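Bear in mind that the values here come from a model prediction, so they are computed numbers and not experimental data. Residue numbers start from 1 in every chain, and the chains themselves are labelled A, B, ... in the order their sequence lines are given, proteins ahead of strands.
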Protein chains: 4
Amino acid sequence: MKNNKPKYKLIIDAAVDVIAENGYHGSQVSKIAKKAGVADGTIYLYFKNKEDILVSVFEDKMGQFIEQIATATSEKDNANEKLYTLIEMHFSQLAANHHLAIVTQLELRQSNLSLRQQINRVLKPYLGVIDGIVKEGIEEKLFRNDINIPLMRQMIFGALDETVTNWVMNEEKYDLVGLTPHVHSLLIKGISTD
Amino acid sequence: MKNNKPKYKLIIDAAVDVIAENGYHGSQVSKIAKKAGVADGTIYLYFKNKEDILVSVFEDKMGQFIEQIATATSEKDNANEKLYTLIEMHFSQLAANHHLAIVTQLELRQSNLSLRQQINRVLKPYLGVIDGIVKEGIEEKLFRNDINIPLMRQMIFGALDETVTNWVMNEEKYDLVGLTPHVHSLLIKGISTD
Amino acid sequence: MKNNKPKYKLIIDAAVDVIAENGYHGSQVSKIAKKAGVADGTIYLYFKNKEDILVSVFEDKMGQFIEQIATATSEKDNANEKLYTLIEMHFSQLAANHHLAIVTQLELRQSNLSLRQQINRVLKPYLGVIDGIVKEGIEEKLFRNDINIPLMRQMIFGALDETVTNWVMNEEKYDLVGLTPHVHSLLIKGISTD
Amino acid sequence: MKNNKPKYKLIIDAAVDVIAENGYHGSQVSKIAKKAGVADGTIYLYFKNKEDILVSVFEDKMGQFIEQIATATSEKDNANEKLYTLIEMHFSQLAANHHLAIVTQLELRQSNLSLRQQINRVLKPYLGVIDGIVKEGIEEKLFRNDINIPLMRQMIFGALDETVTNWVMNEEKYDLVGLTPHVHSLLIKGISTD
DNA sequence: TATGAATGAGGGTTCATTCAT
DNA sequence: AATGAATGAACCCTCATTCAT
């Protein structure tokens, strides 16, 4: 219901900007309300509490993020290409959205455990996409069949996430998307020479 | 009767326990002082402020953590074995210290940027150890010579970190150390069948 | 039932009472809030910080004090009568307001330099009134033309201030306003017999 | 007893310097101890508490101040000259001792009521000296015999004190001692032309 | 006498949330 | 639906004083 309201969207977008500009701890509800052009109290007509705003930011933005990746990978023919596309889009979407990258990689991690768990819940479908690619790769005999799928998924996600975080913390000074083939190659072939 | 441990150590150890039990935001200085058996004011004879306690916890505990790994890996003969040992010890040390694992993987990440940057500073030597192993592997021709070392290091660290975080968030229900050969294998050989 | 006074005024009046009763250092913000019948946080909707309450008390109360004196003296015909009126009103206004007298003569002086300088700023117009009377007296040839005006103003203010402070410190046991003719006479004619 | 100890003196002198340099509220006991070259605890072998240090500073320094003035005035032949000498020495002693002037005129006034009352006790003898001069002047028929002596004393002290305070607050930019004849003249002859 | 490590009470201020309008 | 004034709980840190040595 609330997703259809324009104010809901106004507040979500204001929250991303405010958090990116002021940091997690500098983002008071009143500041978000001001940026969104609504009264403080209005926030509570659309969100249960402050944490709900943050979760909703993540749901909303990551929802789109994940959907884009899910759609794009589904159009590829094999697991190898799908993984490449996933990496490329993971990087390109965050590289294209400065504020969102700061919020997801740095600011939202400063939240309490409860929020972190809800964020993980939002990430579940993305992890599902990765799982699907790995499974498909095994079926296609492109990937080894002795791998622990959840573990592989963690490694892929951990590698991408750490790469993006480092890029953000280094003030986005280099070309993130350009790392795609290297990351893909390392995940596919590993580090070994043989 | 009295505790002979130096107060500095008492406070560090108390902080780990209190943070693990109450979470980052539930860890008031007074709670740490009480657990350490000292007065609130005594904390400030040994630490500049609350953030300094947290940084010191990380420096102290991670300092040992890193040193153990550095020593153990240096005793191995080649990069392959060194990487295996690094993974195994990374997992085993955190698996052996429940509270420390919670603090490093979950609670300390909820901190502000300033603290995060200090934490990264402490991690530098560990990243240096990983870099060293990768370089050595290339020299030994065990590892491919076309890999981007900082990227590889990020992927290794990201994979280990994500694996431990997931283990902690899943309430440590499975055997973390047992994942060592799988993680090692994936990093070394990648996911591909050929 | 509810108090219709604006909160700003409620807090100012509460502050005068609380400071007079508890002393400067015994006047916690929470005590002032309680006396004013508002929440602690409400104070900060009307005042920047605690010091701002104190400055505002002085501005508000002394503003009225000074205006009364300025108006009354302007209605007198010559500098001599104006000086008499100034002394009389200076004494009578403080004698009529027990709490205000304690606050201005004793408590507000226990403040830090920054507050003291702001208090001096508020007093400026009063010192200007005194200067004006002295100048007028010189023009009217009632007062000597060889006097240093700032010095004379300091002496007049110092004499009045010291007289009121002594009266307050002696628990207001005698008639302050009754001293008017003596103080006036001493300022006008000096101590000498010739 | 304690007055004979060198450490007592060391601490008193350190206190004057520390207060003049750091202000009343910036003068922690530990800072005074450090400046005096003794341990914090040693302070409490010579002084009951912090307030006692401050009272003792005033007793010690003002004791000398008053004694000098009492001696010098007693050597003059009539009340008129004695008053002149008192003003001159009041100004010159404070003008000669920058730190002491700051402490007596500004910093010590930021103290609580109890300390202020003790300071007044120390000032009593000085007020007695002024009283004596006024009485003598009346007896010598140099001064009017209809004046209220305590009031006159307040006015004299108030005038001198206000003059010195203004000089200190104006960063001692002009010649304080040079004001002596003007202040004397105003006190003796008043402001009137006749 | 002298030390200085240890104590612990005390308070200004912020900000998420509410509710009367 | 919308407002925004009002609420009040929560907490880090300082520093005068003590006391075991």
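For A/Lys50, counting side-chain heavy atoms from C-beta on, the closest listed nucleotide (E/dT17, E/dG12, F/dT14) is E/dT17. Which of E/dA5, F/dT3, E/dA16 sits closest to the side chain of A/Gln28 comes down to E/dA16. Listed candidates were E/dG8, E/dG4, E/dT1. Nearest to the side chain of D/Ala39 is E/dG4.
The CG-P distance, from B/Leu45 to E/dA6, rounds to 6 Å in whole Å. Atom C1' of nucleotide F/dG4 and atom NZ of A/Lys31 are separated by 18 Å, given to the nearest angstrom. Rounded to whole Å, atom P of F/dC11 lies 13 Å from atom OH of B/Tyr24. Straight-line distance from the CG atom of D/Leu54 to the P atom of F/dC15: 15 Å, rounded to whole Å. Between the C1' atom of F/dA2 and the OH atom of A/Tyr46 lies a distance of 8 Å, rounded to the nearest Å. Rounded to an integer number of Å, the gap from CD1 of B/Ile53 to C1' of F/dC12 is 10 Å. Between the P atom of E/dC15 and the CD1 atom of A/Ile43 lies a distance of 15 Å, rounded to the nearest Å. If you measure from atom NZ of B/Lys7 to atom P of E/dG8, you get 12 Å, rounded to the nearest angstrom.
Pairing for E/dT21 goes to F/dA2, judged as Watson-Crick or G-U wobble with the two contacts each under 3.5 Å. Figure legend. E/dA9 is base-paired to F/dT14; pairs are counted as Watson-Crick or G-U wobble with both atom distances under 3.5 Å.
Taking both residues in full, the closest heavy atoms of A/Arg116 and A/Arg109 are given as NH1-O, 3.8 Å, listed atom of the first, atom of the second, then distance.
When each of B/Tyr44 and C/Asp40 is assigned the nucleotide of DNA chain F with its nearest heavy atom, C/Asp40 is the one assigned upstream, toward the 5' end. Judged by closest nucleotide on DNA chain F, A/Gly41 is the one of C/Thr42 and A/Gly41 placed further toward the 5' end. Residues C/Gly26 and D/Gly37 each lie close to DNA chain E; by heavy-atom proximity, the contact nearer the 5' end of the strand is made by D/Gly37.
Proximity of a side-chain donor or acceptor of C/Asn22 to a complementary backbone N or O of C/Val18 within less than 3.5 Å is detected. Put simply, the side chain of A/Lys31 gets close to the backbone of A/Gly26: a donor and an acceptor are under 3.5 Å apart.
Residue contacts for B/Phe47: at a heavy-atom cut-off of 4.0 Å it reaches no nucleic acid atom on any strand shown.
Within the 4.5 Å cutoff, side-chain heavy atoms of C/Val16 are placed close to those of C/Lys61.
Residue A/Phe47 is tested with A/Thr42, A/Leu54, A/Ile12 for a side-chain contact (heavy atoms from CB on, under 4.5 Å); the sole match is A/Ile12.
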